[in-house]
Amino acid sequence: MAVAEVQRTRGTRQLDAAMQSLRASVHGVAACIRDADGETLGQALIQIREAGIDPLEAVFATGVRRFDESGEYKPHGALSLTAWLRWRCKLSGGAAMERVEIARQLRSCPRPRRRSRRAT
């Protein structure tokens with residue numbers, strides 16, 4: 001088996017495991033929302049944005065940027081990245097265009113520097 005194929009298989013397994021964990025977490029949060037009320041429900045909504053939706057949108061934007069740069073949407077027959085997002089991710093035209101614009105703006109954003117870890 002070629003190195004690239006091994007890496008792709010490993011990457012697919014890692015993604016599958018992460019997605020299974022994410023789905024389980026979403027189901028757990030959904031159960032909490034069903035049972036929550038009052039202030040707890042309000043706090044849960046805030047936490048869903050802060051811990052779930054916003055970080056996932058950031059990851060999605062990074063992925064869209066990389067997918068745009070790779071041009072991998074073209075072999076699927078999509079005429080543009082926006083068309084591919086509408087088709088494959090089931091986004092509205094406006095939502096797809098917004099995601100592409102955000103992803104392309106990421107190119108001009110400064111990259112955060114990683115802190116070096118010191119031995120303690």
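Computed from heavy atoms alone, side chains included, the values below leave out hydrogens, waters and symmetry copies. For the single chain, residues carry numbers from 1 onward in sequence order.
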> For P75 and E72, which heavy atoms make the closest approach, and how far apart are they?
Replying inline: CD-O, 3.1 Å

> What about W87 and F67, same hydrophobic cluster or not, with Ile/Leu/Val/Met/Phe/Trp/Tyr joined at side-chain heavy-atom distances under 4.5 Å?
Replying inline: yes

> Hey, is the main chain of A17 close enough, under 3.5 Å, to the side chain of S21 for a donor-acceptor pair?
Replying inline: no

>> Quick check: closest heavy atoms across A83 and L79, and the distance to 0.1 Å?
In response: CB-N, 4.4 Å

> Side-chain heavy atoms under 4.5 angstrom apart, residues restricted to Ile, Leu, Val, Met, Phe, Trp, Tyr: same cluster for L15 and L22?
Replying inline: yes

> CD of E57 to OG1 of T62: how many Å apart, nearest 0.5 Å?
Replying inline: 11.0 Å

> If every non-hydrogen atom of L81 is compared with every non-hydrogen atom of Y73, which pair is closest and at what distance?
Replying inline: N-CE1, 3.4 Å

> Any chain of hydrophobic side-chain contacts (each under 4.5 Å) joining W84 to L91?
Replying inline: yes

>> When you compare the side chain of R23 with that of V26, does any pair of heavy atoms fall below 4.5 Å?
In response: no

>> Would you compute the distance between atom NE2 of H27 and atom SG of C32 and round it to the nearest 0.5 angstrom?
In response: 13.0 Å

>> If I compare all heavy atoms of A96 with all of R86, which pair ends up nearest, and what's the gap?
In response: CB-CG, 3.6 Å

> Can you name the closest pair of heavy atoms from I102 and A61 and give their distance?
Replying inline: CG2-CB, 4.0 Å

> Is the backbone N or O of A95 less than 3.5 Å from a side-chain atom of R99, with the two atoms forming a donor-acceptor pair by type?
Replying inline: yes

>> Measuring from atom CD1 of I33 to atom CD1 of I48, what distance do you get when rounded to the nearest 0.5 angstrom?
In response: 3.5 Å

> Looking at CZ of R13 and CG of D16, how far apart are the two atoms once the value is rounded to the nearest 0.5 Å?
Replying inline: 9.5 Å

> Going only through I, L, V, M, F, W and Y residues with side-chain contacts under 4.5 Å, is there a path from I53 to F60?
Replying inline: no

> What is the minimum heavy-atom distance between V100 and T82, and which atoms define it?
Replying inline: CG2-OG1, 3.5 Å

> Given the rule in the side chain to side chain donor-acceptor pair (under 3.5 Å) test, do E39 and Q43 qualify, once you have shown the distances and angles that lead to the verdict?
Replying inline: CA-CA 6 Å; E39 180 64 22; Q43 287 301 312; 3.1 Å; yes

